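Following: one structure in structure tokens, then a few remarks.
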Amino acid sequence: MSIFRNVLLAASENRWLRERAVRFPFVRRAVTRFMPGETFEDALAASRALGVGTVLTRLGENLRNAAEAADVARHYREVLDRIHGASRGDRSDGPAPAAGQSLDVEISVKLTQLGLDFSREECEAHLHELARHAQSLGNWVWVDMESTAYTQVTLDIYRRLRSAFPNTGLCVQSYLYRTADDVESLIALGSGIRLVKGAYREPPDKAFPKKEDVDESYFRLAERLLSDGAREKGVRAIFGTHDPALIRRIEAHGRSLGRKPDQIEFQLLYGIGRSEQLRLSAAGYRFRVLISYGEAWFAWYMRRLAERPANVLFVLKSLF
Ligand code: FDA
């Protein structure tokens with residue numbers, strides 16, 4: 001792992017920096033490259049403008065108490081209501097798309113945002129309630145994967161969720177050695193599985209330190225997710241990456257298995273790899289853009305910088 005990436009990831013965990021950096025207008029300007037705005041309305045407007053399916057996630061991972069978690073759960077419930085009210089052209093509750101225009105929007109949540117650090121029981125209750133509500137609306141709930149401090153508990157919570165709600169999926173990270181086994185157990189459940197490389201700072205006894213190993217692990221896992229065995233189990237596999245070489249390998253592998261583009265699903269982050277997004281969408285792949293919004297963007301933004309340290313130049317340019 002490059003030293004610079006390490007520094008940026010360490011900064012993402014620094015409270016002192018977080019409290020100060022977010023006040024600088026040039027930092028706030030730079031963030032808009034990856035985030036259409038801080039409010040749900042901004043994210044909704046971006047979904048509409050993009051004209052493709054999206055996944056919305058509200059930023060904020062270190063809550064101070066259980067009451068904040070309950071607020072987050074309430075917020076996501078309202079988001080689901082708004083998405084579906086919006087789809088029906090119901091404009092009674094704030095800005096919505098034009099009547100009749102359907103919004104294809106799912107949500108993705110972090111368990112720490114639902115209070116995992118305070119009470120696992122309450123966190124699970126919030127998650128099940130969201131999944132139940134999403135199911136009643138014909139929608140999905142995705143669970144993000146956080147750092148390795150949470151991997152096992154996240155898997156345990158997800159497995160219980162999946163046994164009650166098939167309309168749910170979990171993110172897994174190809175940089176972890178354990179993920180090959182985790183993916184097998186998730187395939188057996190017929191889960192929704194979103195494969196990503198992994199965005200946190202992890203030690204070499206848990207995660208591949210070299211990028212080429214992370215990439216190779218990603219492709220091996222992608223092969224497994226595209227396999228007949230995974231399909232037969234009803235897995236909904238999502239490939240969450242902007243890596244053009246990997247995307248092309250996945251496309252080629254899909255073709256070699258006789259899969260049509262609409263049987264393969266990619267998700268990319270808002271503002272990253274736009275030409276790839278347009279290409280995938282035009283080629284007929286199932287495709288969504290993940291849009292983040294919210295006021296607590298600092299840690300998340302530092303992880304985006306760490307993925308591509310050249311982005312720091314972009315921040316500096318925003319100074320002028
Ligand atoms: P890689 O980092 O190798 O980048 C490949 C290329 O993509 C780069 O060369 C560059 O061109 C472009 N690129 C990538 N990141 C960029 C950036 N920040 N700015 C500009 N260009 C960039 N992680 C996690 O740990 N838990 C999670 O729940 C999720 N969820 C998630 C959902 C979705 C839909 C996506 C796309 C990603 C995540 N991630 C995540 C983040 C993921 O782990 C990973 O950090 C990023 O996707 C970057 O890795 P790439 O696969 O894009 O490859």
Side-chain angles (χ1 to χ4, degrees), residues 47 50 52-57 104-111 130-131 134 138-146 151 154-155 158-159 161-162 165-176 179-180 182-199 214-215 217-255 257 259-270 272-273 276-281 283-292 307:
S47 292
L50 286 169
V52 293
T54 58
V55 181
L56 299 191
T57 192
D104 181 11
V105 182
E106 296 176 353
I107 60 169
S108 196
V109 301
K110 283 190 177 24
L111 295 187
L130 279 177
N139 206 328
W140 273 65
V141 173
W142 290 92
V143 178
D144 287 357
M145 187 57 85
E146 302 178 62
T151 311
T154 301
L155 276 148
Y158 174 71
R159 286 193 187 102
L161 179 76
R162 176 61 184 75
F165 301 103
N167 59 313
T168 56
L170 176 66
C171 183
V172 295
Q173 299 153 324
S174 75
Y175 64 10
L176 297 186
T179 298
D182 292 338
V183 161
E184 287 310 319
S185 71
L186 292 170
I187 287 176
L189 296 177
S191 313
I193 304 176
R194 180 174 74 210
L195 177 62
V196 303
K197 289 188 186 177
V214 177
D215 293 354
S217 161
Y218 193 106
F219 185 65
R220 296 285 156 244
L221 294 166
E223 282 182 315
R224 183 67 183 104
L225 290 174
L226 284 169
S227 68
D228 289 339
R231 269 166 65 92
E232 279 154 18
K233 285 287 184 185
V235 166
R236 177 177 168 195
I238 309 289
F239 301 106
T241 180
H242 317 91
D243 185 331
L246 261 180
I247 292 174
R248 273 161 193 70
R249 284 179 83 187
I250 292 167
E251 290 181 272
H253 187 65
R255 277 194 300 275
L257 295 172
R259 304 273 187 274
K260 301 203 167 54
D262 66 1
Q263 295 174 312
I264 302 180
E265 183 164 355
F266 291 98
Q267 291 182 5
L268 278 73
L269 301 180
Y270 178 88
I272 303 183
E276 200 64 23
Q277 297 190 8
L278 293 171
R279 187 186 71 76
L280 288 168
S281 178
Y285 287 97
R286 291 175 68 188
F287 173 71
R288 285 178 187 275
V289 175
L290 191 149
I291 301 177
S292 301
E307 284 157 3

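Throughout, residue positions are numbered sequentially from 1 according to the sequence presented. Being a predicted model, the structure only gives us computed values, none of them experimental.
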Q.
Restricting to salt bridge (charged side-chain N to carboxylate O under 4.0 Å, His left out), what partner residues turn up for Glu146, sequence neighbours left out?
A. none
(Q) Less than 4.5 Å apart, side chain to side chain, heavy atoms only: is that true for Tyr158 and Ser191? (A) yes
Q: State whether the side chain of Gln263 and the backbone N or O of Lys260 hold a donor-acceptor pair below 3.5 Å, judged by distance alone.
A: yes
Q.
With a 4.0 Å cut-off on N to O distance, would you call Arg236 and Glu106 a salt bridge?
A. yes
Q. How are the rings of Phe219 and His253 set to each other: parallel, tilted or perpendicular (split at 30° and 60°)?
A. perpendicular
Q: Grab the two heavy atoms, one from Val105 and one from Asn139, that are nearest each other, plus how far apart they are.
A: O-ND2, 2.8 Å
(Q) Just so I know, are the side chains of Ser217 and Leu221 near enough to count as touching, which here means a heavy-atom distance under 4.5 Å? (A) yes
**Q.** Residues that Asp182 engages under salt bridge (charged side-chain N to carboxylate O under 4.0 Å, His left out), provided they are two or more places apart
**A.** Arg178
Q | Minimum heavy-atom distance between Leu161 and Ala131, given as atom pair plus value | A | CD1-CB, 3.8 Å
Q.
Given Tyr270, which partner from the list Val55, Leu290, Val289 fulfils the side chain to side chain contact (heavy atoms under 4.5 Å, CB included) test?
A. Val289
Q: Keeping to residues at least two apart or across chains, list the side chain to side chain donor-acceptor pair (under 3.5 Å) pairs with something in residues 165-176.
A: none
Q. For the side chain of Gln267 and the backbone of Phe287, is there at least one donor-acceptor N/O pair under 3.5 Å apart?
A. no
Q) Minimum heavy-atom separation for Leu195 to Ala222, with atom names? A) CD2-N, 3.7 Å
Q: Using the test ring pair (Phe, Tyr, Trp, His ring centres under 6.0 Å), find all partners of Tyr285 that sit at least two apart in sequence or belong to another chain.
A: Phe266
Q. Are Thr179 and Thr151 side-chain neighbours, meaning at least one heavy-atom pair lies under 4.5 Å?
A. no
**Q.** Residues that Arg249 engages under salt bridge (charged side-chain N to carboxylate O under 4.0 Å, His left out), provided they are two or more places apart
**A.** Glu216
**Q.** Asp144: partners by side-chain contact (heavy atoms from CB on, under 4.5 Å), with sequence neighbours left out
**A.** Thr57, Ser108, Lys110, Arg194
Q: Indicate yes or no: does Arg224 engage Glu184 in a salt bridge with an N to O separation below 4.0 Å.
A: yes
Q) Quick one: are Leu226 and Ile250 in side-chain contact, heavy atoms under 4.5 Å? A) yes
Q. What are the two closest non-hydrogen atoms of Lys197 and Leu246, and how far apart are they?
A. CE-CD1, 3.6 Å
Q) Quick one: do Glu251 and Arg259 make a salt bridge, cutoff under 4.0 Å? A) no
(Q) Between Arg162 (side chain only) and Gly190 (backbone N and O only), is there a donor and an acceptor less than 3.5 Å apart? (A) yes
Q. Given side chains that start at C-beta, do those of Ile247 and His242 come closer than 4.5 Å, heavy atoms only?
A. no
Q) Any side-chain heavy atom of Val196 within less than 4.5 Å of one from Phe239? A) no
